[in-house]
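Encoded as structure tokens, the structure appears first; notes follow it.
Numbering of ligands and ligand atoms starts at 1, following listing order. Computed from a predicted structure; not experimentally measured. The figures that follow rest on heavy atoms only: side chains count, while hydrogens, waters and symmetry mates do not.
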Amino acid sequence: MTELRHYLQFNDFSREEYDYLFDRSRWIKDKFKRYEPWHPLFDRTLIMVFEKASTRTRLSFEAGMHQLGGSAIYLNTRDSQLGRGEPVEDAAQVMSRMSDLVMIRTFEQDVIERFAANSRVPVINGLTNEYHPCQILADLFTFIEHRGSIQGRTVAWIGDSNNVCNTWLQAAEVLDFNVHVSTPPGYEVEPERAGLYGTDHFEQFADPMDACKGADLVTTDVWTSMGFEAENEARKKAFADWCVDAEMMSQANPDAVFMHCLPAHRGEEVTAEVIDGPQSVIWDEAENRLHVQKALMEFLVLGRVSGGEQ
Ligand code: CP
Ligand code: NVA
């Protein structure tokens, strides 16, 4: 039987496991592009629980599970007993007796940790207030496809020190690269909340132009994440100078790529010129959610699989 593992934050896996997952994502993606069926999770069931909105995460997990031969069930807070206060521990006991895998998008990280502690099957973090590990798995795979190994490279994060930023910072520790972070005053990285072991792999810059200098990848995200909508007006004012534009991109290395997890607000955190420009790899980034999460689900349910063997 495969050891029970969860994917709740980026540092749940080792560098060596990520090497495996990136290779496996490549294999699964190539096979998919050749229209060759691959059904290692035949007859398996994924339950997806959404307490926040989603387009990419829902589609990539649901389509991915079907493509692996299994089926996916969608639940949201509004239509399930979770929205009526059923304890998360009880929900975990029940859901994990009816499925092989659970993916959750929720608010506090504590919720998903309590769920996982009571689950008989692997639990995947589909975004919490603190982390978004599946996104960075896809972003790293996309960088590797376009530019090769991330080790020793520099990523510039411009904007809010949110769940996606925290996950980049954890990834830098696990995979040994650097992150330059520039946030407005008052929105700086909190290393403890980001779940970091130290401060060796990131540097904070007051000026976003400085953060972009020498970067191999420039990335940003919305100024107001889901769950923080009440702060929207204050954030729009505070973040006005943290819009990634052509001038910022010109500070980065000439072959730097631009990424955004999406959805994006053109004219706020990034200009249309940049996000729709030649350095942007956002569509590959979005597509790769599908391929890396198929590799992730296969790994969590079956352990390591080599080639077409099961
Ligand atoms: N990037 C991302 O997770 O998108 P969704 O919110 O649409 O799932
Ligand atoms: N930081 C954003 C990411 C959305 C995919 C949010 O949490 O809303």
Ring centre gap for Tyr18 and Phe10 strictly below 6.0 Å: yes

Is any NZ, NE, NH1 or NH2 atom of the basic residue among Arg34 and Asp30 found under 4.0 Å from an Asp or Glu carboxylate oxygen of the other? no

Can you list the atoms of ligand 1 that are under 4.0 Å from a heavy atom of His132? 2 (C), 3 (O)

How would you list, by chain and number, the residues with a heavy atom under 4.0 angstrom from ligand 2? Leu127, Asn162, Asn163, Asp221, Val222, Ser225, Met226, Leu262

Presence of salt bridge, Glu287 and Lys33, under 4.0 angstrom: yes

Could you pull out all residues at least two apart from Glu130 that satisfy salt bridge (charged side-chain N to carboxylate O under 4.0 Å, His left out)? Arg193

Can you list, pair by pair, the side-chain donor-acceptor contacts under 3.5 Å of residues 195-203, counting residues two or more places apart and other chains?
{"residue": "His201", "atom": "NE2", "partner": "Asp176", "partner atom": "OD1", "Å": "3.3"}

Sequence neighbours excluded, every pair satisfying salt bridge (charged side-chain N to carboxylate O under 4.0 Å, His left out) that has a member inside residues 136-157: Arg26-Glu145, Lys29-Glu145, Arg147-Asp255, Arg153-Asp216

Strictly under 4.0 Å, does any heavy atom of Arg58 approach an atom of ligand 1? no

Between Trp223 and Trp242, is the ring centre distance below 6.0 Å? no

Would you mind telling me if ligand 1 is within reach of the side chain of Arg105, the backbone, both or neither, using heavy atoms under 4.0 Å? side chain

Arg289 neighbourhood, listing ligand 1 atoms whose heavy-atom distance to it stays under 4.0 Å: 1 (N), 2 (C), 3 (O)

